[in-house]
Amino acid sequence: MLPPQKSTLAEGTDALFHFINITSVILLIGITIAIVYFSWKYRRRSDNDITPVITHNSKLEITWSVIPLILVMIVFGWGLTGYVNLSNAPDDAYEIRVVAKSWLWEFHYDTGFVSVNELHVPANRPVKLVMSSDDVLHSFYIPDFRIKADVLPNRYSSVWFEAIEPGESVIFCTEYCGTAHSNMMANTFVHTQEEFETWLITAGSADDDMDPVELGEQLVTRNACTTCHSADGTTLQGPSYQGLWGAERTMESGETLTADENYIRESILEPNAKISQGYQPVMPSYSGSLNDRQIDAIIEYIKTLQ
Amino acid sequence: MATKEATTSVKKLQVKRFKPDENPEKHYLNQETGIWAWMTTVDHKKIGLMYLASITFFFFIGGMLALLLRTELLSPARSFMDANVYNQVFTLHGAIMIFFFLIPSVPAALGNFILPLQLGAKDVAFPRLNLASYYIYVIGALFTIFAIFTGGVDTGWTFYTPYSVTTSGNVMAMTFGVFILGFSSILTGLNFIVTIHKLRSPGLSWNKLPLNLWGLYATSLIQILATPVLAITLLLLTMERALGIGIFDPNLGGDPVLYQHFFWFYSHPAVYIMIVPGFGIISEVISTFSRKVIFGYWAIALSSLAIAFIGFLVWGHHMFTAGQSPLANMVFSFLTFLVGIPTGIKIFNWLATMYKGSIDLKTPMLYAMVFLFLFTIGGFTGIMLGALSVDIHLHDTYYVVAHFHYVMMGGMVMAFLAGLHYWWPKMFGKMYNEFLGRITCGIIFVGFNMTFLPQFVMGAQGMPRRYFNYIDQFQPFHQLSTIGAYVMGVGFFIMAGYLLHSLLKGKSSGSNPWGSRSLEWQTPSPVPLHNFEYTPVIINGPYDYHKPMSEFQLGIATPHNGHDHHAGEQTNVSETEKEQA
């Protein structure tokens with residue numbers, strides 16, 4: 001019933017889950033049998049049935065109050081222990097900054113590299129995510145790791161985990177955050193320690209020898225631009241890239257302009273300065289996460305989509 | 001008789017038996033008719049029916065919205081509505097079902113009708129206020145409908161900040177509608193409390209109060225104490241949105257978690273506003289159809305009050321992942337488990353009531369059993385969500401959605417349906433088709449489990465709630481769930497059919513088709529305009545099935561309701577009633 005256990009703490013959470021499930025099913029079966037059995041055994045035989053007067057029974061009532069009380073106290077203690085483990089990251093945990101924006105996840109590593117919607121972590125090493133939001137509430141959830149925490153705009157929250165083995169795990173946003181809430185997904189890539197270190201060094205420089213159009217196409221996917229902007233004319237949360245280049249655009253303010261380099265650049269760095277007619281001012285700024293060369297590449301890519 | 005002397009120690013009453021008329025010529029439905037008479041009526045029964053019609057309308061709307069949602073979710077990607085429409089539809093489904101159906105369903109609709117009858121009163125304590133409550137409800141509803149047609153609302157029924165402050169759409173009209181609605185709830189609660197305190201018939205002491213009234217009493221307390229907090233919260237939200245005063249929005253220096261505290265401080269007790277009156281109905285139905293004295297009267301009565309009280313202290317369990325302190329999480333988790341105990345006690349008491357009873361599986365009793373089964377599942381999964389470490393995994397997934405529906409629909413709606421079928425003959429003097437009633441109960445039971453059991457599984461696997469798109473692995477569960485929802489929809493349409501048929505062509509039910517001992521059944525069906533043609537006198541508890549029916553149909557024998565000149569009259573009740581019976 002539960003997803004695979006891919007973090008060290010998943011097993012503890014699952015054990016309690018199964019304990020509650022099994023206890024509940026046993027009690028539920030008992031109650032159901034009592035309902036069905038009583039309905040049959042004591043079914044009405046005539047309209048003049050006489051029933052005994054049983055108003056209460058203190059021993060019975062104390063029993064069925066105390067036993068559930070003991071059971072729930074076990075569950076409480078067990079759940080609390082697990083929660084304490086989930087909330088206290090080990091001191092030597094590797095720290096990654098997470099920034100949530102409507103509707104993407106940014107992961108900032110200690111080298112200064114930023115990945116969007118891709119979380120890369122080493123296996124068998126505690127990782128602590130320090131998270132904040134740029135706009136509304138989001139919630140960071142990796143089912144395989146059994147971790148979740150709301151991401152807030154005015155304070156930091158954190159989660160930690162230790163992945164057991166290399167592999168991939170999906171990340172969901174679980175706090176409703178508007179139109180593309182259900183598209184605010186990301187992936188966790190768990191590497192071995194060496195692979196992770198190699199990735200961290202090369203990640204930033206891998207794009208160097210790519211031609212601009214190809215790079216631009218990769219960047220709009222990697223930076224989650226495609227969550228809201230299509231390349232085929234479909235209208236999503238934002239205008240499509242297709243036919244954008246050089247077109248006459250009408251803004252919400254009523255002014256018209258031509259979609260040129262400066263317009264696209266401004267739309268990436270200060271998205272809410274000019275809003276195309278019919279759209280909402282919801283795009284987060286990419287200032288600081290995309291450099292000039294990357295912006296050039298995206299512009300080159302958009303030019304090809306006529 | 002000891003009871004009688006204890007309760008009327010000051011003056012002795014002369015009583016006689018009043019047998020209810022089986023085919024009353026005049027009753028509340030054929031007196032004071034006409035639209036204007038209905039609209040200005042202060043009769044609690046007509047107001048109850050007007051509420052019943054209104055909540056049925058909203059249940060229909062909310063239900064259709066649910067079917068739309070389930071249809072869209074048949075496939076992982078977009079099928080026939082886009083994300084923004086979907087978000088508005090799930091918001092409306094939640095807001096309508098909770099604020100316009102569940103909260104007024106039992107207290108305002110069934111409660112209004114039954115409460116004075118069970119007290120032997122002519123009406124509630126403040127009949128005009130009661131009518132005002134109804135119109136406040138209508139005005140609140142109009143604001144909500146206005147909001148839907150002027151931009152819609154896509155915040156979820158929880159209106160979490162800062163999203164609700166920044167999104168477009170008419171959040172203000174919607175919250176204003178809910179704000180107004182709250183007053184209706186508060187005034188109804190106030191009315192009920194005063195009525196239960198002041199308008200009980202002679203002899204109706206607190207230990208003879210029907211458990212339905214204990215349920216309504218506990219509910220009314222919560223309504224009065226919790227609803228103002230919702231009003232304050234929505235007012236603050238409106239101030240923030242309209243005037244830019246920073247309370248919850250971090251951009252203005254506010255704190256979004258504060259909003260959640262405020263919101264759940266109302267909304268957690270509110271789920272008890274929704275479920276506690278259901279407990280009352282189940283107690284009545286199980287005792288009546290087992291024809292047996294209720295087991296553990298005080299345990300059931302006081303556990304309702306205990307739930308009402310502890311229910312105020314558990315709101316934080318909605319926020320285990322929201323960023324409140326670990327200490328707060330621990331305390332809220334602990335208190336959450338405590339609130340489970342009185343709920344469990346009730347389940348066992350109801351089972352014990354059935355033991356050695358004379359059980360008649362009529363439609364209301366079937367719904368009561370469905371309630372026992374589904375609500376127990378709702379309770380157990382609540383224990384699951386109360387456990388801190390497990391909740392971290394399950395929070396904001398479909399597991400929560402399924403749990404909530406098991407408690408609210410499996411619990412409250414089933415209790416409501418039990419009550420509706422139980423009191424239907426009292427309301428209209430007509431019977432519905434018993435066979436169709438039982439079949440429909442079966443269809444709804446199957447459809448319900450088909451809809452929501454798969455949601456537990458996909459929630460445990462990590463499917464987040466409020467998702468327009470989802471990843472492919474969840475599709476089989478969503479499809480099963482959708483088919484279940486259709487089955488349930490069919491069930492409700494059949495119910496609408498046989499209930500309408502009953503209204504138009506139903507067989508006369510007689511005054512007391514279930515052989516109940518409770519006071520509301522000792523007057524004709526449909527009920528006379530002023531409920532009782534005499535002042536009832538109560539000497540037995542409402543579940544004393546071991547005593548003859550004649551002892552439950554007593555009223556003051558003298559005209560003028562015994563107000564004059566009989567101090568010093570000495571009448572032995574049991575002798576009198578023997579003579580009359």
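In what follows, every chain begins at residue 1, and chains take the letters A, B, ... in the order their sequences are listed. Given the structure is predicted, the values throughout are model-derived calculations rather than measurements.
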What part of [X] is in contact with chain A, defined as an atom under 4.5 angstrom from a non-hydrogen atom: side chain, backbone, both or neither?
X	answer
B:Ser333	both
B:Gln260	side chain
B:Tyr163	both
B:Asp255	both
B:Ile341	side chain
B:Arg466	both

**Asked** Using 30° and 60° as the class limits, which term best fits the ring planes of A:Phe38 and B:Tyr355: parallel, tilted or perpendicular?
**Response**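 It falls in the tilted class, 30° to 60°.
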
**Request:** Can you establish whether the number of heavy atoms outside A:Glu270 located under 6.0 Å from its atom CD is more than 12?
**Result:**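 For A:Glu270, atom CD is not crowded (no more than 12 foreign heavy atoms under 6.0 Å).
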
**Asked** Non-hydrogen atoms of chain B under 4.5 Å away: do they reach the side chain of A:Thr174, the backbone, both or neither?
**Response**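 Contact with chain B: backbone and side chain both.
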
**Asked** Given a strict heavy-atom distance threshold of 4.5 Å, which part of A:Asp135 is in contact with chain B: side chain, backbone, both, or neither?
**Response**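 Backbone of A:Asp135 only, per the 4.5 Å heavy-atom cut-off to chain B.
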
Can you name the nearest heavy-atom pair linking [X] to [Y], along with the distance?
X	Y	answer
B:Phe337	A:Met73	CB-CE, 4.2 Å
B:Pro162	A:Pro153	CG-CG, 4.2 Å
A:Pro143	B:Gln461	CB-O, 4.0 Å
B:Ala352	A:Trp64	CB-CH2, 3.9 Å

Are the side chain of [X] and the backbone N or O of [Y] linked by a donor-acceptor pair below 3.5 Å?
X	Y	answer
B:Arg291	A:Asp47	yes
A:Ser182	B:Tyr467	no
A:Lys148	B:His395	yes

**Asked** Using a distance-only test with no angle check, is there a side-chain donor-acceptor pair under 3.5 angstrom linking B:Asp396 and A:Tyr141?
**Response**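 Side chains of B:Asp396 and A:Tyr141: no pair found under 3.5 Å.
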
**Message:** What I want to check is whether the side chains of B:Asn87 and A:Tyr176 have a donor and an acceptor closer together than 3.5 Å.
**Reply:**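 Yes.
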
**Request:** Find the distance between CG (A:Leu137) and OG1 (B:Thr161) and round it off to the nearest 0.5 Å.
**Result:**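 That separation rounds to 6.5 Å.
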
**Asked** Does the pair A:Asp49/B:Lys356 count as a salt bridge with the N-to-O cut at 4.0 Å?
**Response**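 No salt bridge links A:Asp49 with B:Lys356.
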
